[in-house]
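Input: a single structure, listed below in C-alpha cells.
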2 protein chains.
Amino acid sequence: MVSLKDISARCNVSVATVSKALNGHKDVSEATRERLVRTAREMGYFPNAQARALKTNRTFNLGVMFLEEAGRGLTHEFFAKVLNSFKTEAELAGYDITFISNKDIGGRRMSTYEHCKYRSVDGIVIACTDFTTPDVFEVINGDIPVVTIDHIFDCRTAIVSNNENGMEKLLNYAADCGHTKIAYIQGKKSAVAEKRLAGFYKACVNRGIEVKPEWLPVGDYCNPDVTYQLTKKLLKGREIPTCIFMPDDYAAIGGLNAIKDCGLSVPDDISAIGYDGIAYSQLLSPKLTTYAQDTPLIGATAARKLISLIENPQTTFTEVITVDGQFLEGGSVKKL
Amino acid sequence: MVSLKDISARCNVSVATVSKALNGHKDVSEATRERLVRTAREMGYFPNAQARALKTNRTFNLGVMFLEEAGRGLTHEFFAKVLNSFKTEAELAGYDITFISNKDIGGRRMSTYEHCKYRSVDGIVIACTDFTTPDVFEVINGDIPVVTIDHIFDCRTAIVSNNENGMEKLLNYAADCGHTKIAYIQGKKSAVAEKRLAGFYKACVNRGIEVKPEWLPVGDYCNPDVTYQLTKKLLKGREIPTCIFMPDDYAAIGGLNAIKDCGLSVPDDISAIGYDGIAYSQLLSPKLTTYAQDTPLIGATAARKLISLIENPQTTFTEVITVDGQFLEGGSVKKL
DNA sequence: CATATTAACGGAAACGTTTGAGATGCACCA
DNA sequence: TGGTGCATCTCAAACGTTTCCGTTAATATG
C-alpha cells in the first residue's frame, strides 16, 4: 500500500505537506497541491483508515445496533428495508456500516456500548424490537451520537414512522366503506403498539364508532400463528366483526388463513386490513389493504440526521422526526 | 479510554510487558500476568482496535460484498438469512462485519477491492446475483482471503447450496406423485440456474420423463410478474403440464396468481413447486411444496471457512463445500 | 531601509499498539 | 569462578496519519 511517505519521497516535499495538500488545508500553494493530488492519484494512494482514525478519533464508521428477540434479524422486512436505505445514504456520505452487539473479546464480555468504543464508531443507529434492555440504555446514556428508530428517548433524536396517522387513515377508510363493527388484533406492547392504538381510538371517536374491548385482543407482530388463533376466536364470538385489523401484513397471513379455515372469504364475508405494505401483501389476491411505512425515507433520514449530529456537534438538539407512510388500497375491504 | 500506558503506570511495569501479558506471550511470569490481567479488567481496559490494526494489519473485520442488481439488497430473503448466520458465526469468533462496495472517498472513485484495502478487512465474503462484474474479479484476484457463496471460482473456496440435488429431489417427488407432464420456469442465466437445470434434466432422464423445450421457459428469480406471464403462457398452450416448477417461492406467488386467474386451482387442476422454503411459502394454503436451502448452515460455514483461511494461511487450498437443503412437502402437488 | 506580515513548507511529537533486540538477574554446570 | 542458558522484563522503533509550532523567504508597511 502506498503511503504519504511514498508520495512525499517522489515529490520531494515533507509528509506533512502531502497530508495537508490532500486534506485541503490552506497553507500549501495551489501549484504543489495540484502536483501532489495528481501523483497521489497516479500512485493509487488511499489513506490508511486506521492510522487516520488513531489520530483523529474519526472512523467514518457507523454502528448499527439491531437487536431482535425472535432472532429473525435481517429477515425482518421492515428492519431490512430501513437498514438498506440507511446503508445507501451513509455510503453516499462516505460512511461505512458495522454491526454492533454485545460480544466476547479477549475472554471478557463486552457490552454493546463498549463494543462501540472498541471500534470507535462515529455514531450509532438503534433499531430494536425491545428498547428496554440495559444494553440500549447504556448506549443511550453514552457520549456517542445516536439516532433511534421507532422509539423516542427524550435526550436523543428519533426517527419514527407515523403510526398514529397510519392507523387513522386505515380506520377512516374502513369507516368510509361503511364498517362499524371493527376488531383490531394489536401487536405486542411497545411504543409502536401504543401509538397505533392511540390512532385507532382517536379515529374511532371521530367517526362515532364504538370500540368493544373484546375486539381488541393483544397478539404479536410478525406472528401468523398467534394471529391465526386470535382471528379464529373473533370469528367464533357471539357477535362477529365485519372488518379485522391485523397486527401487520406478515401476521395477516395467519389471520387470512383463519378466515378461510372458518369457511369464510375475504372480502365478501370478512374484511381484512394489514400494516406495513410488505411485498407479499400486494401479491395476494385480493391485495391486502394496508399502510406502507416509508422505509426508504426512514432509513435515509436516520442516516442523514446521524451524520449531521456527528459533523455538527453544536447543533446537537434532540429532535423527533415523524415520517409519513402511504395508504395502499387493496381489495380486502368490502364496501358495505 | 484507558490504554496500556495507564495499566503500566498503575502496575509499575513497562507498556511492553502489559501488552505481552494481555496477549498471552510466554516471556512474562505467571504472577505478573495475573496481576496485569486483573487490573486491566478492573480498569475496564479494551484494546484500541485501530492502533492494533495499524501495527498488525489485522482488523478482525470481515467485508461483506453484497451486490444485488434489483436493489433489493437485504430484502432478498436468501441473502438476508445467509448474512444473518454469517454474522452470528463471525461474531462468535470475535470478528465484526462491514459492508463493502464501490464508493467515493475523497472525491475519487474507489473500487470494492480498494475499499477493502482502505478498511483493511481481514477477509471477504461475496454473495451476489451477478458474479461477472469487474468489481468481483478484482476482489477474486486480490490477495485478501475470500469465500464465495453460490458461485465457484477455481482459485477460491466456495460455499454452494446443493442446487442440483435439490432439483432432483423435487422432480423425484413430482414423479412419485405420478406427474409426467412437467414444466419448469427457469431463473435467469447464472451458475445457480445451470446447476438447477442440470439436476432437473438428470432426474428427468432417470425417471424416463420427456422434457419439452417449450416447457422450459426462462424467467427470472424473485420476479412474480414475469412468472405470472410465463405461467399464463404455459396454461394457454396446446398441451398443458400437470405440474409447474417455479423459479423460487417468491416468484411462485405470481405463478399461483396466474393459475387462479385462469380459473384453475392448486393442486386440483395444476400442481406447483417452489424453491427456497421461505417463510411465506409455508403460510400459504395449501403450503407450497418446495426445497429449503439450509441458509443458516451456508452462512455459518462461510464464516468458519473464511476465518480459517485468515488464521491458517498455510492451509489455503481451494475448496468447494456443498450444503444440502431439505425437501418440504406441502400440499401444492396432487397425487395422480 | 527596517520591521511586520504573510505564504509556504518542514520538523517532530503524538495517537495506542506490537515486537524484536537487548538488559538484568539467577541458577546451573564444568 | 566464570561462562552458559534461561526466565523475565525494558527499550525503542515502527505502523501511517494529523497537527502544532517553527523556519524561511518574500512581500507589504511605516
Side-chain angles (χ1 to χ4, degrees), chain A residues 1-37 39-40 43-61 94 105-106 114 116-122 311, chain B residues 1-37 39-40 43-61 94 105-106 114 116-122 311:
Chain A
M1 281 277 91
V2 28
S3 71
L4 288 184
K5 203 193 296 186
D6 301 323
I7 301 176
S8 79
R10 164 104 60 125
C11 292
N12 291 318
V13 293
S14 75
V15 174
T17 305
V18 184
S19 173
K20 286 189 249 188
L22 265 38
N23 288 329
H25 286 220
K26 47 275 146 205
D27 59 345
V28 42
S29 75
E30 195 50 49
T32 58
R33 82 119 13 83
E34 199 274 336
R35 182 165 55 106
L36 291 176
V37 168
T39 62
M43 299 175 75
Y45 169 81
F46 281 107
N48 180 302
Q50 17 281 343
R52 173 177 284 183
L54 186 57
K55 273 304 284 183
T56 61
N57 277 323
R58 294 268 281 113
T59 54
F60 286 91
N61 233 317
I105 176 86
E114 288 169 335
C116 291
K117 285 294 197 180
Y118 167 64
R119 286 288 180 197
S120 303
V121 297
D122 292 337
E311 298 183 347
Chain B
M1 282 277 90
V2 28
S3 70
L4 288 184
K5 203 192 295 187
D6 301 322
I7 301 177
S8 80
R10 163 103 60 122
C11 292
N12 291 316
V13 294
S14 74
V15 174
T17 305
V18 183
S19 171
K20 288 181 195 175
L22 265 38
N23 288 328
H25 286 220
K26 47 276 146 206
D27 59 345
V28 43
S29 74
E30 195 49 47
T32 56
R33 83 117 18 83
E34 199 274 339
R35 183 165 55 106
L36 292 176
V37 168
T39 60
M43 299 176 74
Y45 169 79
F46 282 109
N48 180 300
Q50 18 281 344
R52 173 177 283 185
L54 185 56
K55 272 303 285 184
T56 63
N57 278 321
R58 294 268 281 113
T59 54
F60 284 91
N61 234 317
I105 177 86
E114 288 168 334
C116 291
K117 285 294 196 181
Y118 167 64
R119 286 287 179 197
S120 304
V121 297
D122 292 336
E311 299 184 346

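This is a predicted model, so every value here is computed, not measured. We name chains A, B, ... by the order of the sequence lines, and we start the count at 1 in each one.
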For nucleotides 18-21 of chain C, list the nitrogen or oxygen atoms of the protein found under 3.5 Å from its nitrogen or oxygen atoms, one pair per line.
unit_1, atom_1, unit_2, atom_2, d
C:dT18, OP1, B:Asn23, ND2, 3.2
C:dT18, OP1, B:Arg52, NE, 2.9
C:dT18, OP1, B:Arg52, NH2, 3.2
C:dT18, OP2, B:Ser19, OG, 2.6
C:dT18, OP2, B:Asn23, ND2, 3.1
C:dT18, O2, B:Lys55, NZ, 3.4
C:dG20, O6, B:Lys20, NZ, 3.2

Within this structure, what is the [atom1]-to-[atom2] distance between [X] and [N], rounded to whole angstrom?
| X | N | atom1 | atom2 | answer |
| --- | --- | --- | --- | --- |
| A:Arg58 | C:dC15 | CZ | C1' | 16 Å |
| B:Lys5 | D:dT10 | NZ | C1' | 16 Å |
| A:Lys26 | D:dC20 | NZ | C1' | 12 Å |
| A:Tyr118 | C:dT17 | OH | P | 11 Å |
| A:Glu34 | C:dA8 | CD | P | 15 Å |
| A:Asn48 | D:dA14 | CG | C1' | 13 Å |
| B:Lys117 | D:dG16 | NZ | P | 12 Å |
| B:Leu36 | D:dT8 | CG | C1' | 12 Å |

Legend entry - Residue pair B:Asn48, B:Met1: steps toward the side-chain contact (heavy atoms from CB on, under 4.5 Å) verdict: CA-CA 9 Å; B:Asn48 180 300; B:Met1 282 277 90; over 6 Å; no
Inset, instruction - Grab the two heavy atoms, one from A:Lys5 and one from A:Val15, that are nearest each other, plus how far apart they are. - result: CA-CG2, 4.1 Å
Legend entry - A:Gly44 to A:Val2 - nearest heavy-atom pair and separation: O-CG1, 3.5 Å
Legend entry - Position toward the 5' end of DNA chain D (nearest nucleotide), B:Thr32 or A:Gln50: B:Thr32
Legend entry - Residue met sooner reading DNA chain D from 5', once B:Arg33 and B:Leu54 are mapped to nucleotides: B:Arg33
Can you check whether [Y]'s main-chain N or O pairs, donor with acceptor, with [X]'s side chain at less than 3.5 Å?
| X | Y | answer |
| --- | --- | --- |
| B:Asn61 | B:Val121 | no |
| B:Arg10 | B:Thr39 | no |
| B:Thr56 | B:Arg52 | yes |
| B:Thr59 | B:Ser120 | yes |

Inset, instruction - Examine C:dC15: is either OP1 or OP2 under 4.0 Å from a nitrogen or oxygen in the side chain of B:Ser3? Give yes or no. - result: no
Inset, instruction - May I ask you to say what A:Asn12 touches in the nucleic acid, namely base, sugar-phosphate or nothing, with a heavy-atom cut-off under 4.0 Å? - result: sugar-phosphate
Inset, instruction - From the options C:dG10, D:dT8, D:dG16, select the nucleotide whose nearest atom is closest to the side chain of B:Ser29. - result: D:dT8
